[in-house]
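Notes follow once the structure below has been shown.
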Amino acid sequence: MFDTISDRFGDVFAKLRGKGRLSEADVDAALREVRLALLEADVNVVVVKSFLARVKERALGEDVAKSLTPGQQVIKIVHEELINTLGEEAPLKRPAAPPLVILMAGLQGSGKTTSAAKLAKLLKRKGKRPLLVAADLQRPAAIDQLETLGKRVGVPVFVDRKTKAPKLAKAALKHARLEGNNVVIIDTAGRLQVDDELMKELAAVRKVADPDETLLVVDAMTGQEAVNVAKGFLDYTELTGLVMTKLDGDARGGAAISAREVTGCPIKFVGLGEGLDDLDVFYPERMASRILGMGDVLTLIEKAESAYDEETAAVAAEKLRTASFDLEDFLEQFQQLRKMGPLQNLVSMLPGAGQALRDVEVNEKDLNRVEAIIRSMTPTERHNPKSINGSRKRRIAAGSGTRPQDVNAVLKQFSEAQKMMKMIAGGKSPIPGLSLPGLGRSKKR
Amino acid sequence: MEFVYIAVALVIIGLVVFWFIRSRDTDAPTAPAATAAPTATRSLRDRLAKTRGALSDRLGGVLSGGKLDDEFWSDIEDSLVAADVGVAAASSAVAAVRKRGVEDPADVRGLLADELVSLLGGEDRGLAKTASPSVLLVVGVNGSGKTTTIAKLAQQLSTPESPVLLGAADTFRAAAADQLKTWANRIGVDIVTGQSGADPASVAYDSYHAAKARGAGIVMVDTAGRLHSKSNLMDELGKVARVLRREAGEIDEVLLVLDGTTGQNAIDQAKAFTDVVGVSGIVLTKLDGTARGGVAIAVEQDLGIPVKYIGVGEGVEDLIPFQPEAFVDALLGT
């Protein structure tokens, strides 16, 4: 469904090549693509506008760094500005006198109860003595859920099914002081920001509990609505931080930017799974890359630039195009690629092709074996794999410390791969999402 | 022994990266085509009042601007995007209206409504009910509102002649079965539950056979919320559906519950659940806030799965059948 931002930048890159300074036209062209990428990541329309205005102001007239093309320079600025917008890692406040009181608020189903339990576990591990407070008196069985979770993480849960939320909060605080709990986490009912009655209840709880932290829990899959939700909660209550949940899914999480921009509050935690350990502090850089859908393209570009020899790569690409790519070329490219670091990491950095190969496990040992086998061949054999007969296979196997059947496998798969390369060169990509720009055009030239 | 494929693929990727740096050549995405449009009804208007407010205010602002220039159209597109319609669907709708050669800004709203309704198409939005007991499976990501939807639906559909039986196959979330049990008691319908952590497929199996033995008309199976990107959990769901299909012959409805505040990720969700269990209809929840659920348009357009119900409030009667004209009407305030 989504084009990755790197795809989007295709045309822009081509146009922006080889100029020394970013012109307004360059920047506008690049920002149009950034805008689409942000909107598709569900960043709010209004937030996108103000964000792009900031980027433009910064980008205009900026000198293009020597190692970057103007297009890359723009992405770099976008990326940096996105990180700025997302803010820094922010620890929980330290109250003047214990207990530290944390109030969890948010829409129904955003993940408050689960996050509350995860937070309790995290703080317990840090040596605190948390108390969970079940102040969600709306949803049937919400209290049971928190009690079960409390048992699982080994944290007491304060329950009173027969009272109202503000009163309950007051009693819970008293209980915490008596029991010596130095953290109190209050789980409240999910509510829509337009539900006046419930929002007033939240304000009342807040008044009684006087929390050090009021955390708004936001589902990472939220769309444009994130802005209204954040604004709505701000109308009734002060907020000190955000918790983004369900980031273990594949949503881009543009809601993080929207909510952050509207509230001005730092994102303090992110929820990364159903396990009770899956709560992490927030890393703005990872989030920025995720929202742009660019994998870690910048790092990849840097690595590629330092590891790749331009001329040999161009020659190899030409050979791929004409399908005369042999084992010798393969070895050379393979070695350059491996200079860029563990291949598994490279795969994970790739936005487009990375998806097709996401589940592939790259075993470095296997790769070492392939390299050893090819290196045990003579140059003639590498150019012409068909010349490798039984006795040559035994020699290669002995030389590489493998078995003849391994050599067979490599040869067989390389010949299959050659067919695959021909298909790619002919414009038919066997791997969805993977196409070779510049390689499919040979016939037209 | 597939490492050579991987290695070759990686070498190719390396070269792609190299070419990515040097030169680029990509195709612009093309806009999808639209289909024919029926006419409008107006029963949802008040219930979606808040939903309507936001977008119609925006549109009103744009439309009173006057000139039909590029900026005007891009503002219209933005206001659709702001309703979560999605960039692709929004721009195709705007392009289609533009093509008709509008001269008066006052006409734009009506034409846009026609266009959006036609994107929604005229699918059958009733619930299928072929066998007795007929089987209804409810799936969705965490927190989308599955259990609440089941409770409301059960209350609406359960009659003394054809009672509903609930199957609590969410054995994962703490107290999920308790939540459904509370509802079952309130509504007065039977429920089958399993041990916490039990195989959900076995609960589904038990539910179906209990429904059959007790002469229930419909068995509704609730499942644990799961992110569509988690393959192990999706496999588990696949097994639930397989077991139900094997026992009942067919599942009459697989309803995917989508949170109305969800953005473009809803499309990925619908795709993934369709791949695994064959979704036959969508329930769009939480439209009583200011969320506009425009992503429903993108989902229907992309995948052709009809939206069957929408949730506009906490009450039982607030789960209502979806009507495209009324929905678009509310979205645009026509």
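Letters A, B, ... mirror the listed sequences (proteins, then strands); counts begin at 1.
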With a 4.5 angstrom heavy-atom cut-off, is it the side chain or the backbone of [X] that approaches chain A, or both, or neither?
| X | answer |
| --- | --- |
| B:Thr261 | both |
| B:Leu233 | side chain |
| B:Lys230 | side chain |
| B:Val87 | side chain |
| B:Val141 | side chain |

Check this for me: does any side-chain nitrogen of one of A:Arg35 and B:Asp78 sit under 4.0 Å from a carboxylate oxygen of the other? yes
Would you kindly say whether B:Glu314 and A:Gln108 are connected by a side-chain donor-acceptor distance under 3.5 Å? yes
Going by atom types alone, do B:Asn265 and A:Asp250 pair a side-chain donor with an acceptor below 3.5 Å? yes
Does any heavy atom of chain B fall under 4.5 Å from the side chain of A:Asp42, the backbone, both, or neither of them? side chain
If one checks every heavy atom of A:Leu146 against chain B at 4.5 Å, the contacting part turns out to be neither
Taking A:Glu225 for its side chain and B:Ala291 for its backbone only, find out whether a donor-acceptor pair lies under 3.5 Å. yes
Between atom CG of A:Leu192 and atom OG1 of B:Thr290, what is the distance when rounded to the nearest 0.5 Å? 8.5 Å
On a heavy-atom basis, the closest approach of B:Phe172 and A:Glu274 is CE2-OE1, 2.9 Å
Does a side-chain heavy-atom distance below 4.5 Å link [X] with [Y]?
| X | Y | answer |
| --- | --- | --- |
| B:Gln269 | A:Met221 | yes |
| B:Arg186 | A:Pro140 | yes |
| B:Arg292 | A:Asn228 | yes |

Name the option with the most non-hydrogen atom pairs under 4.5 Å to chain A; the candidates are B:Asp178, B:Asn142, B:Asp84. B:Asp84
